[in-house]
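Note that the coordinates shown come from a computational prediction; the quantities given were computed from them, not determined experimentally. Numbering of ligands and ligand atoms starts at 1, following listing order. Index from 1, following the sequence.
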Amino acid sequence: MKKTALITGATSGIGKATALLLAKNNYNVIITGRRDDILGDIAAEIIDKHQGDCFPLCFDIRNQEATEEAFYSLPESWQQIDLLVNNAGLAAGLDPIHQADLSDWEQMIDTNIKGLLYITRIVSPLMVERKSGHIINVGSIAGKEAYANGSVYCATKHAVEALTKSMRIDLNPYGIKVGSICPGAVETEFSVVRLKDPEANKKVYAGFTPLQASDIAETILFMASRPAHVNIGDVLILPSAQASATVFNKKL
Ligand code: NDP
Ligand code: 8X3
C-alpha cells in the first residue's frame, strides 16, 4: 500500500526534488507552497509522468489559520500522513546584527520556526493516534555553527535542531521517528531569495561544486526508507569543497 508524504515548500529546490523523488518511489505526495501555478505544474508532472498521486495545497505557512484550513481541506484519506518533511524555509538578508532588517528577521522566524511548528502541531497528533509516522526536519549547517551576518537565520536553524531533539523525545512513546537533515551549500533558489538578487547564485556557488537539491532528496528518501527499527537522527551533508559553514576550497 502507498504511503502518504507531506512536503512543505515543494515549489522549488529541496522540497520539489524530494516530492518528485518520493512520488517516483511509491508515495502519494502532498506538496505545499505559496505559488499556486508552480504547485499545479508539479502536481501535473507527478500525476502525468510518474503515475503518482499528488495533492497541491497553496498557503503561507506563516499564517496559522491558513495552514489549518489548507490541511483540513484535504480528503480524510489524505490526512493520515506517514512522512512529514518540514522543509519550507528561507534566509532573508546577510547583514550584521546592528544593521539587519527587522522584517527579514520576522519572516525567517515566522517561516522557519513558527511555520514548522504550525504544521507539526496539526500532523503529529494524527500520527500519535495511529502510533506511526516519521518527521524529517530540514535544518542546516547554520543550525550547528554561527557565522557573521547570519545571526537570525542561524538562530532559526539552531531552533530547528533543538525542536528535532525535543520532538523525538515527545513522540518516542508512540513509535514515531523524528530526524533532521542539515545541508551545507545547496544550489537552489535559496541564495537568490536571501540576497534578493537573481544573479546571486553565480557569485555564491562560483569556484566549487555545490550540492544539488537531488542530493538532499536522495538522502531524505534513504532516511525514510530504513527498516522500522532504524531511525536516522541527523545527517550533516556538505559539498566536498565545504569544510564548515564558512570554509570552502574554492578554485576561482
Ligand atoms: P528554495 O528557495 O529553493 O525553496 C524554499 C521553499 O520554501 C519554496 O518552495 C518556498 O515556496 C517555500 N517557502 C518559503 N517561505 C514560505 C512560506 N512563507 N510559506 C510557504 N512556503 C514557503 O530553497 P531551498 O530548497 O534551498 O530551501 C529549503 C530548505 O532547505 C529551507 O528550510 C532552507 O533553510 C534549507 N536549507 C537550504 C540550504 C541551501 O544551501 N540551499 C542549506 C541548508 C538548509 P513558495 O515561495 O512557493 O512559498
Ligand atoms: C543554508 C546554508 O551556510 O548558507 O542553510 O547557512 S548556509
Write out the residue and atom name of the closest protein heavy atom to [atom], then the distance separating them to 0.1 Å.
atom	answer
atom 41 (N) of ligand 1	Val186 O, 3.0 Å
atom 4 (O) of ligand 1	Ser12 OG, 3.1 Å
atom 18 (N) of ligand 1	Asp60 OD1, 2.9 Å
atom 19 (N) of ligand 1	Ile61 N, 3.0 Å
atom 48 (O) of ligand 1	Arg34 NE, 2.5 Å
atom 34 (O) of ligand 1	Tyr153 OH, 2.7 Å
atom 5 (C) of ligand 1	Gly89 O, 3.7 Å
atom 9 (O) of ligand 1	Thr11 OG1, 2.7 Å

Assess [X] for proximity to ligand 1: is some non-hydrogen atom of it under 4.0 Å away?
X	answer
Gln107	no
Ala185	yes
Gly139	yes
Gly184	yes

Judged by atom type as modelled, is there a donor-acceptor pair below 3.5 Å linking the side chain of [X] to the main-chain atoms of [Y]?
X	Y	value
Asn231	Gly233	no
Lys177	Val230	yes
Gln242	Ser244	yes
Asp36	Cys58	no

Aromatic contact between Tyr205 and Phe190, with the criterion being ring centroids under 6.0 Å apart: yes or no?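 They do not qualify: ring centres at least 6.0 Å apart.
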Looking at residues at least two apart in the chain, or sitting in another chain, which of them share a ring-ring contact (aromatic ring centres under 6.0 Å, His included) with Tyr174?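 So Tyr174 forms no ring-ring contact (aromatic ring centres under 6.0 Å, His included) with any residue.
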Residue [X] vicinity, atoms of ligand 1 by number, heavy atom under 4.0 Å:
X	answer
Thr188	3 (O), 23 (O), 24 (P), 25 (O), 26 (O), 41 (N)
Gly13	3 (O), 25 (O)
Val138	29 (C), 30 (O), 35 (C)

Whether over 12 other heavy atoms sit under 6.0 Å from Lys144 NZ: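 Atom NZ in Lys144 is packed in, count exceeds 12.
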Tell me if the OH atom of Tyr147 is crowded by more than 12 foreign heavy atoms within 6.0 Å.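 Counting other residues, nucleotides and ligands, OH of Tyr147 exceeds 12 neighbours.
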Applying a heavy-atom cut-off of 4.0 Å, say which part of [X] lies close to ligand 1: side chain, backbone, both or neither.
X	value
Ala10	backbone
Ile14	both
Pro183	both

Start with the C-alpha gap between Ser180 and Asn137, add the side-chain angles, then the distance that decides, and say whether side-chain hydrogen bond (donor to acceptor under 3.5 Å, both in side chains) holds. CA-CA 5 Å; Ser180 55; Asn137 294 326; over 6 Å; no
Check this for me, if you would: do [X] and [Y] make a salt bridge, where the nitrogen-to-carboxylate-oxygen distance has to be below 4.0 angstrom?
X	Y	answer
Lys196	Glu189	no
Lys203	Asp197	yes
Arg168	Asp234	no

Side-chain donor-acceptor pair present, Thr8, Asn87, cut-off under 3.5 Å: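 No, no side-chain donor-acceptor pair sits under 3.5 Å.
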In terms of side-chain heavy atoms, does Asn86 have a donor or acceptor partner in Thr120 at a distance below 3.5 Å?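 Their side chains do contain a donor-acceptor pair, which is all the 3.5 Å distance test asks for.
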Can you find an N/O atom of [X] closer than 3.5 Å to an N/O atom of ligand 1?
X	answer
Gly9	yes
Glu189	yes
Ser140	no

Taking any residue with a non-hydrogen atom under 4.0 angstrom from an atom of ligand 2, which ones do you get?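 Within the 4.0 Å shell of ligand 2, which is judged on heavy atoms, sit Ser140, Ile141, Ala142, Tyr147, Tyr153, Phe190, Arg194.
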Given Leu57, which of Leu74, Leu39, Ile31 fulfils the side-chain contact (heavy atoms from CB on, under 4.5 Å) condition?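 Answer to the side-chain contact (heavy atoms from CB on, under 4.5 Å) test with Leu57 among Leu74, Leu39, Ile31: Leu74.
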Arg194 to Tyr153, cation-pi by 6.0 Å centre distance and 45° axis angle: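 Yes, Arg194 lies over the aromatic ring of Tyr153.
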